[in-house]
Protein chains: 2
Amino acid sequence: MGRVNQFDVSWGAPRPERADAARNRQHLIATAREMIAELGQERLTMDALAERSGLGKGTVFRRFGTRAGIFQALLDDGERAFQEQVLSGPPPLGPGAPPLDRLISYGQARVRFLVEHQEIARAALDGRQPIPSGSQSPLSQAHIRMLLGQIDLGPADLDLLAIQLTAALDGPLLLYVSATDLNRAPDQVERRLLPGWHDLVRRICRP
Amino acid sequence: MGRVNQFDVSWGAPRPERADAARNRQHLIATAREMIAELGQERLTMDALAERSGLGKGTVFRRFGTRAGIFQALLDDGERAFQEQVLSGPPPLGPGAPPLDRLISYGQARVRFLVEHQEIARAALDGRQPIPSGSQSPLSQAHIRMLLGQIDLGPADLDLLAIQLTAALDGPLLLYVSATDLNRAPDQVERRLLPGWHDLVRRICRP
DNA sequence: AGCATAACCGGACTTTACCCCGCTTACGTA
DNA sequence: TACGTAAGCGGGGTAAAGTCCGGTTATGCT
């Protein structure tokens, strides 16, 4: 909800969004959610979204820039809510617990988040964009980086380590686990991935 | 080179490819390489590829199924050659060295491979495909899995660990490192990623 | 060799992401 | 409150991905 348009990457909004534009974005996102629920992501077309919203095609594209942009916006939206839990919710996810515990439960929460938003997350990938589309999951990466800073790891490239961990967390879901598995048995997937993350973090962070 | 068409996922070819089809695939791959070198991946269109090859559009699509399929084929091609080095080349990459050393140098070789084929690798991603397009880099994953099996890691989900490591290896390049950085200073990227991989593996595999 | 059949070929056709540009509307200033 | 202007709007236009199907060619069998 904070961003002005698809080019506004910086957080401090340089200029407030015009009222009608904000209204339209809201409406577009809501309509997109409806259509995805009804038809599935692969049948969400830009034209149909525009028509059902009662807006012009041009508007849709100015808002989101590209088809993948819609899904990124949707994901951002969900991620923002999720991130609030993480930043100010109860321990061990929120502050108060030892950083290692927070890291572990963060990963577990994110696995659940990604399983839930799996369809949208896949559609937000875009092979044509030269730069990682909107730089994938920067919030997640930043949070992991922050927690790593509070753990004593000796000399290490913490920024890179955070990137690697983020990839090890997101990758198995987005790229490597078959969609069939996920749809048929999301529970089983979680039962495997959650301990996997736990184990990975323990291995990396032990002295 | 081995696969009959985009639906043939199994390795043992059920039926040999017809001679003209094989010739056309060869020719298409070669032409695609030329055009990418001349124009860049984003300007490689299916129509242009067909015309320049002197073939019909239908042929191109039957061969590769989708635009991303072309890039997957190109990547497969390169990966196969790379994999031979790994399976039968000299140590520490090839067999003969201790598995931990092989794992480390494998990652380093793969980083170089991905930096080199970066453009194609990105284009091989496809957000619309419900299943991880051809299941991304299965060869790499299998090799890592094999090496992990030769290292004493105590009780662990080795298959999942291999997936996580593959993601931690590929992810930073495909998703998180900006394309600008890569193009301007591939050397610097390597200088950072190579030690990063070394460090990650040491952390995970120490007793 | 001759034939049946399955695979392959090509290019016209459809769908859809994305661009363009003249018109309209909201907001800062006087 | 009136005005100038920058931002927003909409829908027709383009190009490229992906589909279809009638015609063609390779291959196995006799």
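In this text, all values refer to a predicted model and were calculated from it rather than measured experimentally.
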*Starting at CG of B:Leu55 and ending at P of C:dA12, how long is that distance when rounded to a whole Å?*
15 Å
*Between atom CZ in B:Arg23 and atom P in D:dT25, what is the gap in whole Å?*
12 Å
*Roughly, in whole Å, what's the span from CG in B:Leu28 to P in C:dG10?*
10 Å
*To the nearest 0.5 angstrom, please state how far the CG atom of B:Leu160 sits from the CG atom of A:Asp199.*
8.5 Å
*Does the pair A:Arg52/A:Glu38 count as a salt bridge with the N-to-O cut at 4.0 Å?*
yes
*Got a sec, which pairs hit salt bridge (charged side-chain N to carboxylate O under 4.0 Å, His left out) with one end in residues 39-51 of chain B, sequence neighbours left out?*
B:Asp47-B:Lys57
*Just checking A:Ala19: base, sugar-phosphate only, or nothing, at a heavy-atom cut-off of under 4.0 Å?*
sugar-phosphate
*Assign a letter to each nucleotide of nucleotides 16-21 of chain C from its 5' end: B, base within under 4.0 Å of a protein heavy atom; S, sugar-phosphate only; -, no contact.*
-SB---
_Can you measure B:Gln41 atom CD to D:dA17 atom P for me and round it to whole angstrom units?_
11 Å
*Would you call the rings of B:Tyr106 and B:Phe82 parallel, tilted or perpendicular if under 30° counts as parallel and over 60° as perpendicular?*
tilted
*Any side-chain N or O of B:Asn24 under 4.0 Å from OP1/OP2 of C:dC8?*
no
*Just report the end-to-end axis angle for the helix from C:dA1-D:dT30 to C:dA30-D:dT1, five pairs per end, to 10 degrees.*
30°
*To the nearest Å, how far apart are A:His27 NE2 and D:dG8 P?*
19 Å
*Can you tell which of B:Arg67, B:Glu119, B:Gln118 makes a side-chain hydrogen bond (donor to acceptor under 3.5 Å, both in side chains) with B:Gln41?*
B:Arg67
*Rounded to whole angstroms, how far apart are CD on B:Glu51 and P on C:dG10?*
13 Å
_Which atom of B:Pro95 lies closest to which atom of B:Pro91, heavy atoms considered_ = O-CG, 3.6 Å
*Output yes when a side-chain donor or acceptor of B:Trp197 lies under 3.5 Å from a complementary backbone atom of B:Leu169, and no otherwise.*
no
_Nearest whole Å is fine: how far is D:dC9 C1' from A:Arg25 CZ?_
15 Å
*Identify the two heavy atoms, one from A:Arg112 and one from A:Leu194, that lie closest to each other, and give their separation to 0.1 Å.*
NH2-CD1, 3.7 Å
*asked:* Testing the basics here: between A:Glu79 and A:Leu139, what is the closest heavy-atom pair and its distance to 0.1 Å?
replied: OE2-CB, 3.9 Å
